[in-house]
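Working notes, beginning with the structure itself.
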Amino acid sequence: MAGAHKPLIAVCQMTSTSDKEKNFATCSRLIREAAGRRACMVFLPEAFDYIGGSIEETLSLAESLHGDTIQRYTQLARECGLWLSLGGFHEKGPNWDTDQRISNSHVVVDNTGHIVSVYRKAHLFDVDLQNGVSLRESSSTLPGAELIRPITSPAGKIGLGVCYDLRFPEFSLALAQQGAELLTYPSAFTLTTGLAHWEVLLRARAIETQCYVVAAAQTDRHNEKRTSYGHAMVVDPWGLVIGQCQEGTGICYAEIDIPYMERVRRDMPVWRHRRTDLYGKISFNKPD
């Protein structure tokens, strides 16, 4: 394990397909590699389990949290002795038998193989881009009903998001107000939106919250309909990119320095300077 004051994290990049076994083999190899580097936590991207070529295929491959896929990852976490951020698991919804709807679920597993937290993606990606790309996540996916309070991990206190959540600063500020030290956005950004917005959004979220921002990513061509941007990345609380994957499947590593984060917040005290009397305070609402 890296020094206790600077835990090492591993942030993964991969190209998922509809072949779940092949995807697991890729993730298992990356996780074992990170364990060999003594990382305390491995971050996998959205849709690490699979990316289907159609809505019908996507739904047919979905599982519950008690299914084989998550069980294999809990066993792997236990075997390797590290934490896993499983960002964007296709989870069968609560009324699956009647409505065939899924959740886009960010699952965190600890080093004993227990599920610590599950965040279900709140903001769904329904867009029509000028290049002809059209995506309707809400056609098969249920929107999450709540934010999850930051969880305590070996890397620090982590606020959980997924992909499109990155575009909503209120989301990241709410998590930071609840004590987050890292914000994580496992993603599968399109090539068009990634080229234009990926890095600038990640750096903006880091600067405005003074948190580390961790973004595992899908990359390259998944099928004839879909290609992802890649560039898995870690940004520090000052907005500097301190880790980034290049082309293809791989891992970038970064040390998390909480005393450094505290210095950034002390030297640039934006949290103290907020004028909530003028524009209010972002609240952390829980569902009724």
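These figures come from a predicted structure and were not determined experimentally.
Under the side-chain contact (heavy atoms from CB on, under 4.5 Å) rule, Leu86 has a single partner from Val108, Thr69, Ile70, Asp49, which is Ile70.
Under a 4.0 Å N-O distance rule, the pair Glu262/Arg266 does not qualify as a salt bridge. Asp277 has a carboxylate O that lies under 4.0 Å from a charged side-chain N of Arg275, or vice versa, which qualifies the two as a salt bridge. Using a 4.0 Å cut-off between a side-chain N of Lys or Arg and a carboxylate O of Asp or Glu, Arg120 and Glu146 do not qualify as a salt bridge.
Of the possible polar contacts, none joining the Ser85 side chain to the Leu44 backbone as a donor-acceptor pair under 3.5 Å is found. Judged by distance alone, the side chain of Asn23 and the main-chain N or O of Thr17 form a donor-acceptor pair under 3.5 Å. The closest donor-acceptor contact from the side chain of Trp198 to the backbone of His231 lies under 3.5 Å. A distance-only check finds a donor-acceptor pair linking the side chain of Gln100 to the backbone of Trp96 [under 3.5 Å]. The backbone N or O of Tyr185 lies less than 3.5 Å from a partner atom in the side chain of Ser187, making a donor-acceptor pair. Listed for the Tyr50 side chain is a donor-acceptor partner under 3.5 Å among the backbone atoms of Thr58.
Not counting sequence neighbours, the partners of Thr219 by the side chain to side chain contact (heavy atoms under 4.5 Å, CB included) test are Gln13, Thr15. Remark: Ser228 pairs with Ala188, Gln218, His222 by the side chain to side chain contact (heavy atoms under 4.5 Å, CB included) rule, at least two apart or across chains. Partners of Asp68 under the side chain to side chain contact (heavy atoms under 4.5 Å, CB included) rule, at least two apart in sequence or in another chain, are Glu63. Ser138 meets the side chain to side chain contact (heavy atoms under 4.5 Å, CB included) test with Leu124, Asp126; sequence neighbours excluded.
Pairs engaging residues 72-84 under the salt bridge (charged side-chain N to carboxylate O under 4.0 Å, His left out) rule: Glu21-Arg72, Arg32-Glu79 [sequence neighbours left out]. Sequence neighbours left out, not one pair with a member in residues 167-186 passes salt bridge (charged side-chain N to carboxylate O under 4.0 Å, His left out).
No side-chain donor from either of Gln210 and Arg265 sits under 3.5 Å from a side-chain acceptor of the other. Residues His114 and Thr112 bring a donor and an acceptor atom of their side chains to less than 3.5 Å of each other.
Trp83 and Tyr212 fall within a single hydrophobic cluster, where Ile, Leu, Val, Met, Phe, Trp and Tyr side chains are chained together by heavy-atom contacts under 4.5 Å.
Atom NZ of Lys20 has more than 12 neighbouring heavy atoms from other residues, nucleotides or ligands inside a 6.0 Å radius.
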